[in-house]
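The structure appears right after this line, and notes come after that.
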Amino acid sequence: SPPAVCTRELCVFSFYTLGVMSGATEEVATGAEVIDLLVAMCRAALLSSRKSLIFEPFPSVVDPYNPKTLAFSPKRKRYDRLQKALDSVLLIRKMAQGPYSEIKKQMDKIDPLAYPLLQWILASNRSHIVKLPLNRQLKFMHTPHQFLLISSTPSKEACFQTAKKLYGSTFAFHGSHIENWHSILRNGLINASYTKLQLHGAAYGKGIYLSPISSISFGYSGKNAHLVGPNHIILLNDSNIFIKIYLFLFLESRNLNCIALCEVITSKDLQKHGNIWVCPVPDHVCTRFLFVYENGQVGNVHINTQEAVIHREILQVIASKLY
């Protein structure tokens, strides 16, 4: 099962001293694009004006110069220092070729906390997230960035399968801004209604909001979701020197939108208000896929998961032994 988050300092120290974290970069996530996505989500949460609420969990990272202390700790949140370390990860990722493990030395030269932070980003991810090969992608979603996403604990998945046998299930979209995904991948989809985490109104009461219609969930996926041309230049401030970098990598888009395709139990608990569905039982919603769009673009806004041809295609991909 995927590594779990543990904020106890003892766990962090044992990870560090036993060398458990070495090699985590390649093993915890599948492929460079998944690593890029996790870093991009972390960055979005860190740059958010709501970071004190949504940047959760906060990293626990051992100081490489003093293994008995934490350089980053949830008890003492140093957002500025964290952003500097993350900027160093991004800078080296763009300038160097090859896998992350091979560019560790370059990261260490720029910032000794960059690589340990990268390892924490990967090791703290609780979700099972795998890039879908082209022949297993849902073509109607119109993006090459498609991932299998299982964010439930084994016990939640077991509860879900039991309920599915009783009531059946269907599929619906859940849109959430990119800044929220750092937490969703580590804490799961939660019912944020009437809490400080709620960003949009809860017009239909408390629960996880879903929709069978893609356009509705795309509306929740980003502040500026629209069709635009790519932006080709970023200015990065490193040691007071502005460096122009041309965008070629997926990670470098500064306006990512994410939409999840979830499986939801069709019991009487699921409240349908037209095309806005509310599920008040968190255990009755499980993420299955994540679709990512660059530069504020969104995919086909006319997808309806209740159409037989769409439903059939989703089931075919799930049945192709991706788990």
Side-chain angles (χ1 to χ4, degrees), residues 21 24-26 28-29 32-65 70-74 76-125 177-183 185-186 222-224 230-258 292 294-296:
M21 299 295 277
T25 318
E26 299 304 323
V28 174
E33 193 169 330
V34 172
I35 300 175
D36 286 348
L37 180 64
L38 293 172
V39 170
M41 287 171 168
C42 180
R43 183 180 184 277
L46 188 56
L47 293 179
S48 170
S49 58
R50 301 165 63 235
K51 62 177 172 280
S52 60
L53 293 173
I54 63 166
F55 197 83
E56 171 60 39
F58 191 89
S60 294
V61 172
V62 170
D63 187 335
Y65 295 123
L70 289 180
F72 294 126
S73 166
R76 194 166 43 101
K77 297 181 178 179
R78 301 164 63 198
Y79 292 109
D80 289 351
R81 182 65 186 88
L82 193 61
Q83 190 170 330
K84 181 181 180 295
L86 196 58
D87 284 346
S88 301
V89 173
L90 288 157
L91 184 70
I92 294 300
R93 171 73 175 114
K94 294 182 186 82
M95 299 180 78
Q97 298 298 311
Y100 281 95
S101 53
E102 289 175 16
I103 56 180
K104 177 185 183 299
K105 284 180 185 171
Q106 290 156 290
M107 281 190 201
D108 287 346
K109 278 180 198 169
I110 288 190
D111 188 338
L113 295 184
Y115 194 76
L117 175 61
L118 175 63
Q119 289 185 306
W120 178 85
I121 290 169
L122 302 181
S124 65
N125 169 35
H177 194 270
I178 180 74
E179 66 187 30
N180 296 321
W181 283 96
H182 170 82
S183 175
L185 292 186
R186 290 158 178 81
K223 294 166 183 167
N224 305 305
N231 171 22
H232 288 291
I233 294 179
I234 287 180
L235 291 175
L236 246 180
N237 186 3
D238 181 66
S239 306
N240 298 320
I241 300 169
F242 283 98
I243 302 167
K244 285 186 181 179
I245 295 172
Y246 287 83
L247 300 190
F248 298 111
L249 295 173
F250 160 63
L251 173 67
E252 294 171 355
S253 171
R254 284 300 182 260
N255 191 2
L256 295 177
N257 294 301
C258 300
V292 183
E294 297 181 82
N295 299 307

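The analysis underlying the following values was restricted to heavy atoms, covering all of them including side chains, and did not include hydrogens, waters or symmetry mates.
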Report summary line: Minimal heavy-atom distance between A45 and F55, with the atoms involved, is CB-CD1, 3.4 Å
Report task. Hey, could you give me the CG/SG distance between L118 and C42, rounded to the nearest 0.5 Å? Result -> 9.5 Å
Query raised in the report: What's the verdict on side-chain contact (heavy atoms from CB on, under 4.5 Å) for Q83 and L47, showing C-alpha distance, side-chain angles and the deciding distance?
Result: CA-CA 8 Å; Q83 190 170 330; L47 293 179; 3.3 Å; yes
Query raised in the report: What distance do N257 atom CG and H177 atom NE2 have between them, rounded to the nearest 0.5 Å?
Result: 7.0 Å
Report task. Rounded to the nearest 0.5 Å, what's the gap from CD1 on I121 to CG on L38? Could you check? Result -> 8.0 Å
Requested in this report: Apply side-chain contact (heavy atoms from CB on, under 4.5 Å) to K109 and list each qualifying residue two or more places apart in sequence or on a separate chain.
Outcome: none
Query raised in the report: Should the pair K104-D108 be classified as a salt bridge under the 4.0 Å nitrogen-to-oxygen rule?
Result: yes
Query raised in the report: Roughly how far, to the nearest 0.5 Å, is CH2 of W120 from CG of N125?
Result: 10.0 Å
Query raised in the report: Got I54 and S183 here, is their nearest side-chain heavy-atom distance under 4.5 Å?
Result: no
Report summary line: When every non-hydrogen atom of S48 is compared with those of E179, the smallest separation belongs to OG-OE1, 3.1 Å
Query raised in the report: Do L117 and P59 have side chains that get closer than 4.5 Å, going by heavy atoms?
Result: yes
Query - Contact summary for Y79 and S52, nearest pair of heavy atoms - result: OH-CA, 3.6 Å
Report task. Can you see which heavy atom on S60 is nearest to which on P74, and at what distance? Result -> OG-CD, 3.3 Å
Requested in this report: Describe, in one word, how the ring planes of F58 and F72 are oriented to each other, choosing from parallel (under 30°), tilted (30 to 60°) and perpendicular (over 60°).
Outcome: perpendicular
Query raised in the report: Going from CG on L82 to NZ on K51, what distance comes out if it is rounded to the nearest 0.5 angstrom?
Result: 10.0 Å
Requested in this report: Kindly determine whether R81 and D111 satisfy side-chain contact (heavy atoms from CB on, under 4.5 Å), including the steps that lead there.
Outcome: CA-CA 10 Å; R81 182 65 186 88; D111 188 338; 2.7 Å; yes
Query raised in the report: Going from CG on L37 to CG on L256, what distance comes out if it is rounded to the nearest 0.5 angstrom?
Result: 7.5 Å
Query raised in the report: Is a salt bridge present between R43 and D36, judged by a nitrogen-to-oxygen distance below 4.0 Å?
Result: no
Requested in this report: Run the numbers on L46 and H182 for side-chain contact (heavy atoms from CB on, under 4.5 Å), then give the verdict.
Outcome: CA-CA 9 Å; L46 188 56; H182 170 82; over 6 Å; no
